[in-house]
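Only one structure is covered here, and it is reproduced in the block below.
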Amino acid sequence: MNSAPKYGLVIHGGAGAIRREKMTTDREQAYRSELSKAVQTGYDVLSDGGSGIEAVQKAINVMENSPLFNAGKGAVFTHDGHNEQDATIMDGSTLQAGSIAGVAHIKNPIDIARLVMEKSQHVLLIGDGAESFAKSHGMDMMAPEYFFTDLRWQQLQKAIEKERIAKNDVSTHLDHDGNLGTVGAVAYDKGGNLAAATSSGGMTNKRFGRVGDSAIVGAGTYANNRTCAVSTTGHGEFFIRSVTAYDVSALMEYKQLSLTDAAGLVIKDKLTALGGIGGLIAIDSEGNIAMPYNSEGMYRGYRLSDGRSDVKIWEDK
């Protein structure tokens, strides 16, 4: 008798200085509830025979629609008080990918990234061009007010005040206090295909059209059926410089490392040595998962067809 096909989904909702002592019970429960909803939404797609691409997109939509996460509705503000969002999705069966960067009016950036992958000749579209492409495919634009949350606005004011007091290089005053977040998802479907996706509002107080790793294939997102699917979260500049997501895949393909060893090496050794903060989620074609990080916490969760599932913020005491 043939065994049932393996499948599963892993998500993250950001990594950073997520301190237990500053987390209220109500807020912790709100995060766990939204993470659980995202996991279940993506897993339901897989269990119904849907594709990994559909599963990661739908899981990310849940988090993009929540003000708790730095993506979509909860995106952080630039120095000028705007929202500029990035996203990427990648199909491990074909190595096709779609990315968007610096969009300001898109409710669910991951949806446009998928359209870029499936309906354009390109991989990466930015700013007004990306939004024109979205409009050409019937995507509604959101007013800036949709993305406004008081928490994110106050975080920007705090970052600007730190910058004013220090009167130092602006790059030292990007917000690193718990808001290194993106949202991401990786999946292995019943057809044996891997998929990865990441969506982000970037960094509080960013300037000059800064684009992070979430828009860069191989840095923040990568999927290859030969190896694994990866989504990262953290200080994007370091993930771009070290091509973190692809590095996990390369270590598996060229050095035959296991998923756990490759992911651990990339985050715990390579990223840490560079001075970068963050983590990643990954799944391979055997249904193995990895969720390493070097920050105080990382919002994450998973559900696998063998019955294992969990939602976590910190390491277990």
Kindly indicate, with the supporting measurements, whether the criterion side-chain contact (heavy atoms from CB on, under 4.5 Å) is fulfilled by N65 and N108. CA-CA 8 Å; N65 293 340; N108 295 110; 3.0 Å; yes
In one Ile/Leu/Val/Met/Phe/Trp/Tyr side-chain cluster, 4.5 Å: V183, Y43: yes
Counting only N and O atoms by type, is there a donor-acceptor contact under 3.5 Å from the side chain of N294 to the main-chain atoms of G278? yes
Please say which of L95, T198, L194 ends up in a side chain to side chain contact (heavy atoms under 4.5 Å, CB included) with M90. L95
Do we get R152 above F77's six-membered ring, with its NZ or CZ under 6.0 Å from the centre and within 45° of the axis? no
Tell me whether E64 is salt-bridged to K58, with the criterion being a basic N under 4.0 Å from an acidic carboxylate O. no
Compute whether any side-chain donor of one residue and acceptor of the other, for T88 and T221, lie under 3.5 angstrom apart. no
Within a radius of less than 6.0 Å around CG of L257, do more than 12 heavy atoms belonging to other residues, nucleotides or ligands occur? yes
If you count the non-hydrogen atoms of other residues, nucleotides and ligands that lie under 6.0 Å from CZ in R241, is the total more than 12? yes
Verdict with reasoning, E28 to W314, per side-chain contact (heavy atoms from CB on, under 4.5 Å): CA-CA 11 Å; E28 178 181 346; W314 305 280; 3.8 Å; yes
Could you tell me if Q57 and N61 have a donor-acceptor pair between their side chains, going purely by distance under 3.5 Å? no
Using the ring centroid of each side chain, check whether H137 and F133 are separated by less than 6.0 Å. yes
Identify whether the distance between the nearest side-chain nitrogen and carboxylate oxygen of K270 and D247 falls below 4.0 Å. yes
Show your working on salt bridge (Lys or Arg N to Asp or Glu O under 4.0 Å) between E237 and R210 and close with a plain yes or no. CA-CA 10 Å; E237 279 69 12; R210 179 263 189 188; 2.9 Å; yes
For the hydrophobic clusters of this structure (ILVMFWY residues joined by side-chain heavy atoms under 4.5 Å, transitively), does one cluster hold both V311 and F69? yes
Which residue pairs pass the salt bridge (Lys or Arg N to Asp or Glu O under 4.0 Å) test with at least one member in residues 111-125, sequence neighbours excluded? E54-R114, R114-E118
Any cation-pi pair here, K6 with Y188, using under 6.0 Å and within 45°? no
So with a 6.0 Å cut-off around CD of E21, is the heavy-atom count from everything else above 12? yes
Taking everything shown except K37 itself, do over 12 heavy atoms lie less than 6.0 Å from its NZ? no
Do NZ/NE/NH1/NH2 and the carboxylate oxygens of K158 and E163 come within less than 4.0 Å? no
